[in-house]
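A, B, ... follow the sequence lines: proteins, then strands. Residue 1 opens every chain. The model shown is predicted, which means the values in this text are computed figures rather than measured ones.
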Amino acid sequence: MKKKVGITACSALLVLAAAIGGCSSKPADTGTQANPQSKTEAQAPAKNELTLGVNGDPHSWDPIDTFLLDWSTVATSVFEGLVERTTDLKIQPGLAESWEFKDDKTLQFKLRQGVTFHNGEPFNAEAVKFTFDRLLGEEGKKGPQQANYASIDRVEVVDEFTVNMILKEKDPVLITKLAGYGGVIVPPKYYKEKGDEYFNTHPVGTGPFKMDSYEKDNKVVLVKNENYWKKGQPKLEKVTFRFIPEATTRLAEMQTGAIDIMKKVEISQTESIKGMSDLELMQVGSPTVYSIRFNTSMKPVDNVKVREAIAYAIDADLIIETLLGGYGKRVNSFQSDMSFGYDPNLPLRNYDPEKAKQLLAEAGVKEGTELDLFLPGTDATFKEVAQAIEMQLGQVGLKVKLNLVDASTFTSDLIPNGKAGHMYRNGWGGWTLDFDNTAYLMYHKGEFWNPDFYDEKVEELLKAERSTFDQEKRLAAFKELNQRLYELVPDVPLYQTINLWAVNKRVKGFQPPADERIDLREASVE
Amino acid sequence: MAAFLIRRLLHSVFVVLAITLVIFVLVRMTGDPVSIMFQAGEPTKEAITELRKNLGLDEPVHVQFGLYLKDMFTGNFGTSFRTGESVIDMMKEKMGATLLLAFGGMFVALLIAIPVGIISAVYRGSVADFFGRIFSLLGISFPNFWLGIMLIIIFAVKLGWFPASGYEGLEYLVLPSVALGLILSGILARLVRSSMLEVMNQQYINTARSKGIKEWLVIIKHGLRNALIPTVTFIGLQFGTLLGGTVIIEQVFSWPGIGRMLIDAISQRDFPVIQGSVIILSFLMIFVNLLVDISYGFIDPRIRQGGGKSE
């Protein structure tokens with residue numbers, strides 16, 4: 001009797017196994033599953049095909065709708081702008097062969113000839129005009145991109161391959177903006193025929209790859225654009241981006257060989273990757289910088305001596321070395337060293353607890369004074385950094401209270417309303433790789449993320465930097481600005497992050513991008 | 001019965017309205033979607049204000065709510081801030097994957113819980129019962145996030161039996177279903193065990209035995225059938241828990257369902273998607289509860305009569 005119950009249970013399990021096996025959509029799998037070493041059909045490495053595991057789905061492919069890094073990660077292969085950025089971040093001609101300022105308000109582009117969109121539509125001056133009319137008009141209002149191109153008044157067609165961009169005001173970073181995001185060129189005929197909603201999921205550009213299929217939250221498959229204007233590129237036949245939000249799952253997929261490149265490796269995962277002979281850990285400096293920002297209207301951090309003391313009391317080198325596993329770089333201002341305007345000669349405030357104590361005493365700050373430090377609760381790495389800061393400030397007599405809050409509430413509500421305590425984590429990307437936007441939005445009075453800081457000299461320098469196209473003059477203004485900010489200490493720059501990637505060694509010619517815009521034109525698979 | 005049904009339906013409508021209001025207000029208290037839309041960008045204050053206006057977020061909350069309710073009654077749950085796609089279409093697209101996973105989880109749970117529960121009850125106090133109870137306890141105690149990752153490491157990375165993530169065919173359903181089902185199977189196995197114990201002590205079981213019916217037939221036909229009544233009710237009530245569980249499991253296994261859509265929408269503060277999907281999910285939950293209530297009414301006339309008296 002007992003046996004029979006057991007048999008019934010076992011049979012039920014077998015039925016399940018058979019049902020699952022029998023229902024498999026891939027007949028080839030059944031033979032391979034018995035052997036742990038073999039890969040399923042979907043995972044079998046195929047020549048000239050590459051699969052990447054990235055963390056997020058772009059959701060909307062329309063360039064004017066989005067400002068997500070997840071978009072640029074994939075869409076860089078589909079869309080192109082008038083200019084482009086090389087993997088070492090230099091600006092070079094893209095769909096425009098050359099450009100020049102005819103006068104202060106007229107920027108003329110000579111367009112590349114013989115380029116076609118993926119649907120066969122020709123790329124020409126009309127396409128450029130259509131793209132910017134759309135971006136700057138009613139349709140552009142639904143997304144965040146319009147704001148970036150506010151300095152453009154209109155685009156005029158000069159002839160089939162020449163356009164004039166008429167500017168409302170000087171915008172020294174306009175050229176860098178045109179290298180991506182909202183300024184990429186879209187096909188007018190296709191867009192008008194298919195409509196907005198269709199374009200959102202079936203994008204067409206001039207890029208090296210065209211979209212083959214897209215399954216939201218699952219994957220996007222791109223295939224080679226045979227008519228790509230750059231001869232000999234791309235080398236790959238097919239590229240699949242799989243959207244895998246969990247880093248642990250991405251690593252598992254890397255280990256099973258289901259993906260060849262993994263984006264966003266966590267520091268805790270580096271040892272596992274180093275331990276696998278077929279994988280390579282690649283690192284690239286990112287434009288993202290973290291700092292501790294002060295609410296300069298709150299006592300006692302309204303006193304510059306207190307802010308300076310805190311800067312001396314934090315041992316950023318130790319934090320980078322121990323908590324970040326060395327994957328971070330010291331910075332002397334709130335920008336990465338790849339940003340135009342970074343001054344490598346500006347000194348760092350190195351760890352000096354004695355000096356910190358002395359400054360606190362001069363400022364009359366009593367031992368045990370309590371300070372709030374706000375940070376987003378989801379940032380596990382920075383939570384450890386904050387704990388280290390709590391301990392280090394404790395050593396100079398300051399008591400830090402850590403406040404972990406929801407990430408979105410933190411950036412969209414607490415910071416702009418000056419409710420993020422005496423100090424908070426400030427993280428910033430700086431997509432134009434020019435200090436202009438960062439500096440302006442962080443230190444110009446009344447900006448969204450600057451509820452309290454104000455300095456007349458800073459305002460003057462910001463104005464000076466924006467009023468000229470002369471890069472020498474701008475650099476001089478930035479140098480002075482960096483110096484002024486160094487003295488005022490509105491924040492303590494901690495480190496520039498380093499992004500980690502895992503790459504299968506069979507992939508050749510892949511360079512991880514600093515700005516997350518993956519360029520696969522030179523990539524190939526052995 | 002008609003009065004009972006009408007009362008339950010009115011009750012459901014009230015609950016839906018209450019949920020709509022709570023979700024609408026709560027979502028708006030969690031921060032501003034516009035500043036988050038500029039993830040990689042550096043918007044000026046003017047740009048943020050302008051986009052907020054374009055999305056209708058500058059209106060007072062009660063005006064926004066009025067407009068939303070009006071649309072909702074015509075079946076329009078709004079469009080995503082990020083994609084411009086209608087929330088209903090997004091839900092339709094994702095619902096299949098989520099339900100498939102929920103049913104897969106339930107299937108695994110039943111497949112494990114019923115034999116484990118029966119064996120535990122029939123051999124009460126034995127080694128099998130001991131392990132059965134330990135198993136239930138483990139099932140209840142495991143966080144499903146951790147369990148999911150462990151299954152990936154063992155069955156995808158080490159053994160290579162199943163794919164680790166994504167959704168291409170039915171073999172992709174196995175690991176997430178097991179992760180989801182294992183948790184539920186712990187609770188279910190306990191329930192099956194205690195119901196079986198209760199049933200097996202009933203007089204009619206002894207009567208069946210005394211008729212000389214084979215023991216396994218007594219257990220399955222007379223015991224299990226009766227013990228399943230509370231189990232089925234419990235499953236109905238667990239539907240919500242199951243959908244909740246899929247949120248985490250979908251994230252771990254990159255399963256393209258509603259759970260992941262909701263997590264993304266929350267992190268991006270895509271208000272229409274959060275509101276719409278929570279409201280539609282609560283419709284579903286209320287509907288399932290309504291079915292359970294109605295079936296109670298049919299099974300147990302006392303519930304129906306008790307309800308009738310209060311009017």
With heavy-atom distances below 4.5 Å as the criterion, would you say the side chains of [X] and [Y] are in contact?
X       : Y       : answer
E215(A) : Y167(B) : no
V157(B) : L251(A) : no
H59(A)  : V273(B) : no

Quiz prompt | Interatomic spacing from CD1 in I153(B) to OG1 in T256(A) - rounded to 0.5 Å | solution = 12.0 Å
Interface moiety of [X] toward chain A, non-hydrogen atoms closer than 4.5 Å:
X       : value
F145(B) : side chain
K53(B)  : neither
I152(B) : side chain
E250(B) : neither

Quiz item: Pick from T288(A), D406(A), D515(A): which one has the most heavy-atom pairs with chain B under 4.5 Å?
Solution: D406(A)
Exercise. For chain B, find which of G53(A), S60(A), P245(A), P58(A) contributes the most heavy-atom pairs closer than 4.5 angstrom.
Key: P245(A)
Quiz item: With respect to chain A, which residue among I114(B), I266(B), V252(B) yields the maximal number of heavy-atom pairs within a distance under 4.5 Å?
Solution: V252(B)
Quiz item: Is there a donor-acceptor pair under 3.5 Å between the side chain of N218(A) and the backbone N or O of G166(B)?
Solution: no
Quiz prompt | Set of residues satisfying side-chain hydrogen bond (donor to acceptor under 3.5 Å, both in side chains) with respect to K141(A), sequence neighbours excluded | solution = E138(A)
Quiz item: Where on E516(A) is there a heavy atom nearer than 4.5 Å to chain B: the side chain, the backbone, both, or neither?
Solution: neither
Quiz item: For residues R250(A) and S165(B), is any side-chain donor paired with an opposing acceptor at under 3.5 Å?
Solution: no
Self-check item: With S151(A) via side chain to side chain contact (heavy atoms under 4.5 Å, CB included) - residues at least two apart
Solution: E169(A), D171(A), L174(A)
Quiz item: Between E246(A) and F253(B), does a side-chain contact (heavy atoms from CB on, under 4.5 Å) hold up when you go through it step by step?
Solution: CA-CA 8 Å; E246(A) 281 307 313; F253(B) 290 93; over 6 Å; no
Practice problem: Just do the salt bridge (charged side-chain N to carboxylate O under 4.0 Å, His left out) check on D217(A) and K94(B) with the steps written out, would you? | Solution: CA-CA 9 Å; D217(A) 281 334; K94(B) 302 284 178 186; 2.9 Å; yes
Practice problem: Go through E85(B) and K216(A) one step at a time and tell me if the salt bridge (charged side-chain N to carboxylate O under 4.0 Å, His left out) criterion holds. | Solution: CA-CA 12 Å; E85(B) 208 181 339; K216(A) 203 173 276 181; 2.2 Å; yes
